[in-house]
J.: 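Sharing a structure with you now.
For reference, positions follow the sequence shown, starting with 1. These numbers come from a predicted model, not from an experiment.
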Amino acid sequence: DISSSMVYRENEKRFLMMLESTTLQDRLDDVYYSFSQMTCDLTESQSPLELLEKAMYWGTKLSCSKRASILVTDRDKLNVYKTQGWKNKEDNEDFYSVSINERIAGKVAANKRFLVVNDGNDYKEFDFPDRESYETFAFVVFPVVYQGRTVAVLNFSENTRHGYYTVGE
């Protein structure tokens with residue numbers, strides 16, 4: 001009997017092996033296998049929250065992100081539902097709830113468009129109040145939109161491979 005955690009561990013091992021692979025064909029085969037596993041895993045979700053959690057897991061792995069979070073919409077606010085890689089959650093209590101159109105996640109939710117930032121210091125359109133908590137200051141944030149309404153925001157940050165995000169990630 002195969003459990004979800006066994007599948008996750010096996011996929012994580014294959015993903016790390018892919019990064020160390022020497023031939024292009026091996027890498028393509030591993031990418032195809034990982035994509036197949038991710039697609040299968042996502043389609044087997046039993047609830048919308050499980051789907052978001054799996055999307056966060058796979059997004060973190062595929063983008064080589066150290067930190068991630070899911071913020072779920074509740075009326076005019078986004079509330080942090082789940083995080084991965086956060087060091088001091090207690091120090092970020094003010095971040096557990098974000099108004100729509102405030103901070104990065106709130107603006108992404110309001111605009112319904114993804115955002116890729118590789119150097120927040122050069123990105124003047126957004127206010128970055130938690131600037132000191134970022135190591136690389138590179139992140140990807142995108143809304144999850146259902147029937148024209150933003151229902152969640154996924155946030156990935158701290159790329160561990162390069163320190164910045166590429167188009168492929």
J.: So, does Lys54 use its side chain to make a donor-acceptor pair with the main chain of Asp41 at under 3.5 Å?
T.: yes
J.: Between atom CD1 of Ile70 and atom CD of Gln84, what is the distance when rounded to the nearest 0.5 Å?
T.: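 The CD1 atom of Ile70 sits 9.0 Å away from the CD atom of Gln84.
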J.: Sorted by first residue and then second, give each salt bridge (charged side-chain N to carboxylate O under 4.0 Å, His left out) pair with at least one member in residues 71-83; sequence neighbours left out.
T.: Glu53-Lys82
J.: Nearest 0.5 Å, please: how far is OH in Tyr57 from NZ in Lys61?
T.: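 Between Lys61 NZ and Tyr57 OH, I get 5.0 Å after rounding to 0.5 Å.
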J.: Keeping the roles fixed (side chain from Glu102, backbone from Val98), state whether a donor-acceptor pair exists under 3.5 Å.
T.: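 No.
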J.: Just jot down the side-chain contact (heavy atoms from CB on, under 4.5 Å) partners of Ala152, sequence neighbours excluded, or say none.
T.: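 Leu52, Val144.
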J.: When you group the ILVMFWY residues by side-chain heavy-atom contacts below 4.5 Å and let the links chain together, are Phe156 and Val145 in the same group?
T.: no
J.: Mind listing the closest non-hydrogen atom pair of Thr60 and Ala68 along with its distance?
T.: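 Taking every non-hydrogen atom into account, OG1-CB, 3.4 Å.
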J.: Looking only at non-hydrogen atoms, find the nearest pair between Ser65 and Ser157 and report the distance.
T.: CB-O, 3.5 Å
J.: Report the C-alpha separation of Ile104 and Phe139 in whole Å, then their side-chain angles, then the decisive distance to 0.1 Å, and conclude whether the side-chain contact (heavy atoms from CB on, under 4.5 Å) test is met.
T.: CA-CA 10 Å; Ile104 300 161; Phe139 50 86; 3.6 Å; yes
J.: Could you list the residues that satisfy side-chain contact (heavy atoms from CB on, under 4.5 Å) with Ser36, not counting sequence neighbours?
T.: Tyr32
J.: Going by side-chain contact (heavy atoms from CB on, under 4.5 Å), Tyr81 matches just one of Leu71, Val153, Leu49. Which one?
T.: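 Looking at Leu71, Val153, Leu49, the match for Tyr81 under the side-chain contact (heavy atoms from CB on, under 4.5 Å) is Leu49.
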J.: By side-chain contact (heavy atoms from CB on, under 4.5 Å), which residues pair with Asn101, not counting sequence neighbours?
T.: Lys107, Ala110
J.: Could you check if a side-chain atom of Val141 sits within less than 4.5 angstrom of a side-chain atom of Asn155, using non-hydrogen atoms only?
T.: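 Heavy-atom side-chain distance check passes, below 4.5 Å.
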J.: So, for Ala55 and Leu154, which heavy atoms are closest and what is the spacing to 0.1 Å?
T.: CB-CD1, 4.1 Å
J.: Can you tell me how far apart CE (Met56) and OG1 (Thr83) are? Round to the nearest 0.5 Å.
T.: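 Taking CE in Met56 and OG1 in Thr83, the distance rounds to 7.0 Å.
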J.: With the 4.5 Å side-chain cut-off for hydrophobic clustering, are Leu62 and Leu42 part of the same group?
T.: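 They do share one cluster, since a chain of ILVMFWY contacts under 4.5 Å joins Leu62 to Leu42.
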J.: For a quick test of reading the model, state the closest non-hydrogen atom pair linking Trp58 to Met38 and the distance between them.
T.: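 Taking every non-hydrogen atom into account, CG-CG, 3.4 Å.
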J.: Specify the closest pair of heavy atoms between Ala109 and Leu78, including all atoms of both residues, with the distance to one decimal.
T.: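 In terms of heavy atoms, the two residues are closest at CB-CD1, 3.9 Å.
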J.: Could you work out, with side-chain contact (heavy atoms from CB on, under 4.5 Å) as the rule, every residue matching Tyr146, not counting sequence neighbours?
T.: Val151
